[in-house]
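A quick write-up on the structure given underneath.
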Amino acid sequence: MNTCSKLKTRGWQLILSTLLLLLWQVPAWALPSYARQTGEACVACHVSFPELTPYGRLFKLSGYTLGTTRLFPLAAMAVGSVTKVANTQGNDTSYPRNGDGVLEGGSLFIGGKLNDHVGIFSQWTFNNLNATTQGDGSTAFSGHTSVDNHDIRLVDHITRQDLDLIYGLSLNNNPTVQDVWNSTPAFAYPYQTSRIAGVWGIAAPTTLIEGGLAQQVAGLSGYAFLNKQWYAELGAYTTADGMLSVFSHGVDFTNRLHGSAPYWRFAWNKDWNEHSLTIGTFGLDARVNSDATDPSSPSDHFRDIGLDLQYQYLSDPHSFTTQLSYIHEKTSWDASHVGNDRDGPNSWRNSLHAKASYWYQHTYGLTLGYFAQHGNTDYLANTSSANGSPDTSGYIVELNYMIQPNWRLALQYTGYNKYLGASSNYDGNGRNARDNNTTYLYTWIAF
Amino acid sequence: MKLINTLLMLGVSLTTLWAEAAGNPEDLARQWCANCHTADGNSTSPLFPRLAGQQQGYLVQQLQALKAHNRSDQSAHDYMWGIAETLDDATINGIAAYFASQKPLPNTAAVDSSLLSRGQQLFEKGDEARGTPACAACHGPHGEGNEYGGPRLAGQHAMYLSKQLHVFETAQRPSAVAMQAIIKTLNEEDIKAVTAYLQSLH
């Protein structure tokens with residue numbers, strides 16, 4: 001290990017030990033029961049879980065410290081579902097559990113106020129559909145528990161006649177998980193996606209910041225929200241190994257950061273009458289090892305820049321919300337890729353997401369979504385595509401019914417207009433984009 | 001790495017602020033209540049009632065009722081119970097004094113102007129034929145409220161006012177004895193008219 005990386009490790013050790021120290025300072029912190037958590041109802045913070053209201057955003061920015069520990073203690077959620085793909089082309093083994101009822105798994109949340117300046121959001125997830133391909137091509141499922149989203153905050157709030165400044169630090173393990181607007185990737189729509197469709201490999205291509213580093217990194221950022229109008233955040237991420245491995249516990253590395261990756265986020269926000277509008281930008285500059293298992297392998301360079309917009313109309317009984325995000329990614333590939341799994345040394349990708357939701361009495365919801373991913377043609381990288389293009393686009397229609405404020409029933413239909421470069425015969429084997437259309441019936445419960 | 005160190009320094013310096021943690025009522029009002037009711041109590045979202053210039057005694061009485069779960073309509077339960085439970089008597093008095101001393105600003109949200117004259121008539125004179133007393137008798141000639149328990153209504157969101165008038169049809173605000181009798185004399189048109197008038201009143 002060279003001096004520079006030793007120093008880096010020491011820096012991270014210092015940060016971690018400082019934060020741990022802060023946690024331990026809390027006298028006799030006991031996890032309150034969920035019954036005592038419901039001081040405020042879900043509707044105070046959520047339009048529908050996990051989409052935040054203006055109050056929910058301020059609650060999060062205040063580091064989950066408002067109120068007493070009762071406000072946000074221990075919680076859990078679970079998801080059961082049925083997923084059906086439009087067409088298996090007779091190849092049923094590639095689509096295990098198609099049309100079957102499954103228990104997807106669930107999460108345990110430890111969250112809330114530790115003291116007036118420190119709060120925590122800690123999610124651990126049990127995946128009941130951890131898939132492994134067997135020798136005969138069939139898929140075996142097992143259960144697997146791993147770390148999920150984490151956000152630990154240290155905050156202060158200064159208020160005077162003409163000044164309202166919330167500022168603090170967030171230690172987290174997924175770029176944008178700390179963000180309070182649902183127009184950035186970690187908490188963007190779709191809020192719930194089918195795990196089974198993921199097992200089938202039906203998914204639009206994504207940029208690095210759209211989950212590519214989730215639970216594989218640890219980052220520290222400093223943020224400030226001035227007069228509930230201007231938001232600024234700067235931070236850096238590093239691979240969650242060694243001292244920081246708790247943030248990647250149970251997760252296999254698919255992307256390993258080389259050094260630290262700067263992250264930024266700026267937004268302008270205005271809340272007036274029933275309206276709340278936010279326009280912002282965010283991004284990440286990351287060097288990623290070409291071999292995720294080898295920290296000394298050469299690195300590829302990703303630059304992701306996002307623009308986002310959110311508008312919410314919140315009233316009673318009607319609520320309407322919409323989010324839009326556009327991410328542009330430029331990648332420079334290390335020479336070892338070129339001619340091997342990349343056509344050229346540079347590539348680009350654009351990712352667009354838009355959605356609009358209408359809710360009646362917080363109970364009946366309709367959501368329409370649109371997504372489009374574009375990128376350069378690359379035969380070596382996009383091997384499943386007959387024309388080498390990653391271009392994928394489609395729409396989502398989702399109907400929601402809240403049986404209880406904490407119990408959702410939903411029907412989600414995802415339709416593909418284009419999949420990996422074409423609407424028909426995209427793979428050269430006669431598969432059409434619409435064959436991947438999925439119907440997803442799920443029920444989500446939090447308790 | 002420099003960036004991280006700077007941030008860390010910032011974090012450590014933050015911890016020194018712990019000694020003066022929020023606790024005084026005004027800080028609490030500005031840092032917590034303000035997130036819904038706004039810092040000066042002139043909320044513009046009709047989901048959250050205005051508190052600016054509200055009668056101090058009424059604020060204390062309502063916060064105590066919310067804390068004791070005596071005011072039990074859905075929104076009171078969803079938004080205010082948990083919050084009020086965390087406030088001790090001294091804090092309740094302090095926060096009430098803070099919001100009562102804030103200057104109420106005109107409510108600029110649009111209203112249907114055809115409703116205003118009927119609303120004004122009800123507010124100032126009531127409707128003798130139906131047994132509706134003049135609201136002004138208890139809520140003040142300009143809707144500013146009075147110290148005997150009639151809350152300020154001027155500039156309050158019409159949506160909130162009409163929601164509360166419907167709550168008075170139930171027993172969810174048991175202290176509102178007078179209002180529970182008065183609501184029986186009002187029809188839906190009256191409610192629309194008087195709440196529109198009150199919202200525009202300054």
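Order of the sequence lines sets the chain letters (A, B, ...), proteins ahead of strands, with each chain counted from 1.
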Which one wins on heavy-atom pair count under 4.5 Å against chain B: T159(A), D271(A), L314(A)? T159(A)

Tell me, out of N273(A), D316(A), L58(A), who's got the most heavy-atom pairs with chain B below 4.5 Å. N273(A)

Measure distances from R57(A) to the heavy atoms of chain B and classify the residue's part below 4.5 Å as side chain, backbone, both or neither. neither

Show the nearest heavy-atom pair for residues [X] and [Y], with the distance to one decimal.
X	Y	answer
R30(B)	Q161(A)	NH2-OE1, 3.4 Å
N35(B)	Y55(A)	CB-CD1, 3.5 Å
E274(A)	P46(B)	OE2-CG, 3.5 Å

Take atom OH of Y364(A) as the centre, draw a 6.0 Å sphere, and report whether it contains more than 12 heavy atoms from other residues, nucleotides or ligands. no

Does H139(B) NE2 have over 12 foreign heavy atoms under 6.0 Å away? yes

Non-hydrogen atoms of chain A under 4.5 Å away: do they reach the side chain of A84(B), the backbone, both or neither? neither

